[in-house]
Protein chains: 2
Amino acid sequence: MQGVRLVIARCSVDYIGRLRAHLPLATRLLMVKADGSVLIHSDGGSYKPLNWMSPPATLRVTAPDQADALLGVAETWNVQHTKSDDRLVISIYEHLHESSHDLGVDPGLVKDGVEADLQRLLAEQITLLGEGFSLIRREYMTAIGPVDILARDSRGATVAIELKRRGDIDGVEQLTRYLELLNRDPLMSPVRGVFAAQQIKPQARVLAQDRGIDCLTLDYDAMRGVDDVDSRLF
Amino acid sequence: MQGVRLVIARCSVDYIGRLRAHLPLATRLLMVKADGSVLIHSDGGSYKPLNWMSPPATLRVTAPDQADALLGVAETWNVQHTKSDDRLVISIYEHLHESSHDLGVDPGLVKDGVEADLQRLLAEQITLLGEGFSLIRREYMTAIGPVDILARDSRGATVAIELKRRGDIDGVEQLTRYLELLNRDPLMSPVRGVFAAQQIKPQARVLAQDRGIDCLTLDYDAMRGVDDVDSRLF
DNA sequence: CGGTAGATCTCGCCC
DNA sequence: GGGCGAGGTCTACCG
């Protein structure tokens, strides 16, 4: 099968899998995609459906059992995830609308301004950290994960930089773990830390200060302005 | 306006807000909800739309400017978030299908098996932690957040329990912060920690052990089996 | 309103 | 496939 199928129906829904969830009888939009995934939307909420089944899955439509038939169920949709025990059971009481549409393959979303872009720009403009700074490398791998940026300051000391769009307490914990590890290496030690983000929350700033970590607030628009115009995505 | 509007159209999309994102020309499903929110779905992916605008928002349809008109744009949708500068611009090249449906208010999802349920069960079955354990209280508030469960062991010592469905390294960090704080209170100290989860990842277990935190794996189905049948949701 | 933490998180990368 | 981190995270809850 190909394309997306749209159904408006009065239905109730039960999900059994990582947890259990139930939707009482109401009119909803059911979206069935080609990969067997199903989304159940109401009029409202955000982009997250009320309930759903992730792909890959298979939809099997059956007649309701006698008990359900007596309650007014017209047909039962069994949506079974292909790789797990996750299951969605949709009881259709009334079919109000139905249509199918072939959309074709989507070229996909192009993003600009995510953490990776910020990292690229800061690596290019490493002297934002201070005069005489030089880049050692981005995504410096360690046993417990990658350090966003490793640099050298004007006196030759190593600096580990943790980069966030929004600087939260978790980011400080993350950088702390990296610093602990890096400072165990006598060839690397002493390594100091810089917590750089577009916005740093007060509590994160306090925790960073408490641990001797410097904070740096970044202006993405200004950094992008410095960047070569040709390298922009659009 | 009321109800959900479904449009199949050849379109391109630009989002400008917390970041920038672009969708090249392709055929997609546009879902416009009563609160002005818009979802842009392709045939594939999971429940997350390719692009979207969260409510509350307003949709304003205009004629394309001359440049866009020459490129084949039939109409331009401006979706403006009501409370921020977030904006979605949808360029409609071809309207392939259109329908509107009144869904009414949804009664909403009923869940069973989330962390709150696990917490309630563990509080009721506190001796799962060991013989002679007694509950002090759930959601014990501190300045840095709530401790999931505070209990007393058979020797009268205080135990802080951090509960997760999936025990990750972050949960151990979280519990460590709580223990640090609680142990600063001489009336409370010494407080030891227990990290309880349905599944505990190896790295989290190692970190917990390193910090003198006990780990406990929980069997939700067994715990629910012990629970009074009448208290179940469905 | 900000801070904290959960989520059927989803998504993407890299080992 | 598992582990790890980002996300326009979103969402609920509590101060």
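Just so it is clear, the structure is predicted and the values come from calculations on it, not from any experiment. All chains are named by letter (A, B, ...) in the order of the sequence lines, taking the proteins before the strands, and each is independently numbered beginning at 1.
Side chain of B:Arg28 to main chain of B:Cys11: a donor-acceptor pair is present (N/O by atom type, distance under 3.5 Å, no hydrogens or angles).
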### Query
How does protein contact run along nucleotides 5-15 of chain C, one letter per nucleotide 5' to 3', with B for base contact, S for sugar-phosphate only, - for none, heavy atoms under 4.0 Å?
SSSBSSS----
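Between the side chains of B:Asp86 and B:Tyr15, a donor-acceptor pair is found at a separation under 3.5 Å. B:Lys111 and A:His22 form no side-chain donor-acceptor contact under 3.5 Å, judged by distance and modelled atom types alone. Side-chain contact of B:Gln174 with B:Lys164: a donor-acceptor pair under 3.5 Å is present, judged by distance alone.
By the side-chain contact (heavy atoms from CB on, under 4.5 Å) test, B:Gln80 is found to be paired with B:Thr58, B:Arg87, residues two or more places apart in sequence or in another chain being considered. Residues satisfying the side-chain contact (heavy atoms from CB on, under 4.5 Å) criterion with B:Leu25, sequence neighbours excluded, are B:Arg10, B:Tyr93.
Between C:dA7 and C:dC11, the distance separating the two C1' atoms is 14 Å to the nearest Å. For C:dT4 and C:dT8, the P atoms lie 23 Å apart once the distance is rounded to whole Å. A distance of about 14 Å separates the C1' atoms of D:dA6 and D:dC10, rounded to the whole Å.
A straight line from CG of A:Asp168 to C1' of D:dT9 spans 12 Å, rounded to a whole angstrom. Separating the CD atom of B:Glu139 from the P atom of C:dT4 is a distance of 15 Å, rounded to the nearest angstrom. Regarding A:Gln119, its CD atom lies at a distance of 11 Å from the P atom of D:dG7, rounded to whole Å. Taking atom NE2 on B:His22 and atom P on D:dG8, their separation rounds to 17 Å, with Å as the unit. In this structure, B:Leu23 places its CG atom 13 Å from P of D:dG8, rounding to the nearest Å. Regarding B:Glu173, its CD atom lies at a distance of 10 Å from the P atom of D:dG5, rounded to whole Å.
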